[in-house]
Amino acid sequence: MKTSGKTNKSVYDRACNVLTGGVSRNTIFREPHPYYVATAKGSYITDIEGVQRIDFANNMASLIHGHSHPAIIEAVTDQLQRGTAFTMGTEAEVNFAELMIERSGTFERMRFVNSGTEAVMTMIKTSRVYTKKSKVAKAEGTYHGTYDYAEASQTSNPDNWGDIDKPNVNQVVEGTPQGALDDVVIFPFNDIERTLKILDQHAEEIACVLIDPVPHRVGLFPATNAFIEAIYNWTRKNNALMVFDEVVTYRVNYGGKQDSFTVKPDLTAMGKMIGGGFPIGALAGRSDIMEVLDPRGKILRHPHSGTFSANPISTTAGRVAMELFDEEAVLNLNALTNTAIHQIEEAIKIADVPMSITGAGSMFRLHLQASKPTCYREAFQTKEKKDLTNELLDYMFLEENIIMINTGACMFATSLTQKEVDRLSGALLNGFKLIKPNLDKLS
Ligand SMILES: Cc1ncc(COP(=O)(O)O)c(C=O)c1O
């Protein structure tokens, strides 16, 4: 490829003069500088210095078909020529909502927003209006975006996480109002007994129990059906809602991870991949609850808008992406991911490293510990482990030209094939051997 003559470092130097820390999202930061994309197609990204890498991060799980899928480009190009945002509706949002409601058994009504953070925030506020209560219960360590209530205790660590029977509600950002933290209840994921005891202590005040059914930061392992049933039953008894954050996990089955459970959430927040590569969020669920957003109501109970909500670019791209991600595509992608997991487990054995791998559907995460973690506290990485993870990921990125997520996770796309999976497992084997001496010392 013809390169621009610019270097990643020179662009970063310019970026540092205008963007705080040289970046607009911390996710892309890496030492000594981030890398800048020139072009991307399918599962391959070429940076401005002409280096091509295989992409297993897919913009943090948001590109289910990889980069620049021709059908999405064609549909979006057509819409671009007819306008991008209006103070009017478009049929694009209706078409997309019809598709999603047909796809998922629990969706009766929907609203589109612009990000996963906004979808989760709208879901929490909708739950509060509906139940007339204010507290949110969430699992320790889960990431649900950056709304004050949704982010509490996302970064809890051994110094501040407190007793497992009553985990502390910790702020992520200094200056978070104590009032916000007082309205959050933290429970240990998948721990039925403790969670129910904790919820009982706040039964009168909990509006919703917020669940990511395969929480990445907790360790990327699924909620058990028994846990979900217990939460569901508790919410039925206590005038509370069970709400799912499927911003990432909607990919796991055709109708989201919720398809795997015997009971279903009242509301679901989505985002990332349902935008087909463009910014999106969505809230869907029971029509009697969603009604609080209805502008036709006598009282406007939850005035909800958003300048770019349901813009026709995101809803068109999203519709095409979801049409392509049909039942067969979901199964094929999950099968390819499963093959990758087996090959990596084999590499772990060959390299003889104390490591394990967890995941669901088309995603997995590596752990620098021999036994798979079963809770946030077990999955928590010490600074030494984080440094080793970074060493492995830097090796993958710089020497093997493979992009993974900074936790050691991969989020697959339908553009990947067995060829890229073989490259991934072969490269990881080399990486495991590289970190083995230091990893053995830690174990
Ligand atoms: C589970 C989950 N919920 C919500 C969000 C927030 O989504 P967004 O980055 O689109 O605001 C994320 C983002 O990574 C996520 O992983």
Side-chain angles (χ1 to χ4, degrees), residues 23-29 56-64 111-127 136-155 172-173 184 189-190 208-223 228 242-252 256-258 265 267-285 306-311 313-315 317-318 321 358-365 376 379 404-412:
V23 292
S24 285
R25 52 200 283 240
N26 287 0
T27 323
I28 68 139
F29 180 74
F56 285 93
N58 287 299
N59 192 32
M60 306 299 283
S62 65
L63 300 164
I64 199 69
R111 277 275 171 118
F112 292 107
V113 291
N114 300 293
S115 67
T117 294
E118 205 184 338
V120 169
M121 177 180 75
T122 309
M123 182 162 74
I124 290 172
K125 292 173 78 170
T126 300
S127 305
V136 180
K138 62 159 288 196
E140 184 174 68
T142 46
Y143 181 65
H144 297 285
T146 54
Y147 186 39
D148 288 345
Y149 305 86
E151 74 175 6
S153 293
Q154 171 213 319
T155 49
V172 171
V173 176
V184 180
F189 186 71
N190 264 349
C208 62
V209 183
L210 171 60
I211 308 271
D212 177 336
V214 195
H216 181 180
R217 306 277 159 176
V218 173
L220 205 75
F221 46 83
I228 297 298
M242 180 171 80
V243 301
F244 274 16
D245 174 351
E246 293 235 53
V247 167
V248 172
T249 60
Y250 191 75
R251 61 171 47 227
V252 171
K257 176 60 189 165
Q258 57 195 267
L267 295 174
T268 302
M270 287 163 286
K272 297 206 188 237
M273 75 147 190
I274 69 154
F278 290 82
I280 204 160
L283 174 62
T307 305
F308 286 97
S309 289
N311 74 77
I313 303 300
S314 298
T315 49
T358 56
S362 48
M363 46 191 202
F364 63 79
R365 178 176 163 185
Y376 174 68
M404 293 172 64
I405 288 176
N406 59 6
T407 50
C410 288
M411 301 285 167
F412 271 40

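Just follow the structure's listing: the first ligand is 1, and inside any ligand the first atom is 1. All of these numbers come straight from a predicted model, not from anything done at the bench. Along the sequence shown, residues are numbered consecutively beginning with 1.
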For this session: Mark yes or no for whether K272, through its side chain, and M60, through its backbone, hold a donor-acceptor pair below 3.5 Å.
Result: yes
Problem set entry | Side-chain donor or acceptor of T358 paired with backbone N/O of L220 under 3.5 Å | yes
Exercise. Considering only heavy atoms, which protein residues lie less than 4.0 Å from any atom of ligand 1?
Worked result: S115, G116, T117, Y143, H144, G145, D212, D245, V247, V248, K272
Exercise. Does the K138 side chain pair with the main chain of A150, one donor and one acceptor, at a distance under 3.5 Å?
Worked result: yes
Exercise. Ring pair (Phe, Tyr, Trp, His ring centres under 6.0 Å) with Y147: which residues, sequence neighbours excluded?
Worked result: Y149
Problem set entry | For F412, all residues meeting ring pair (Phe, Tyr, Trp, His ring centres under 6.0 Å), sequence neighbours excluded | F56, F364
Problem set entry | Residues which pass side chain to side chain donor-acceptor pair (under 3.5 Å) with N59, listed by chain and number, not counting sequence neighbours | R25, S62
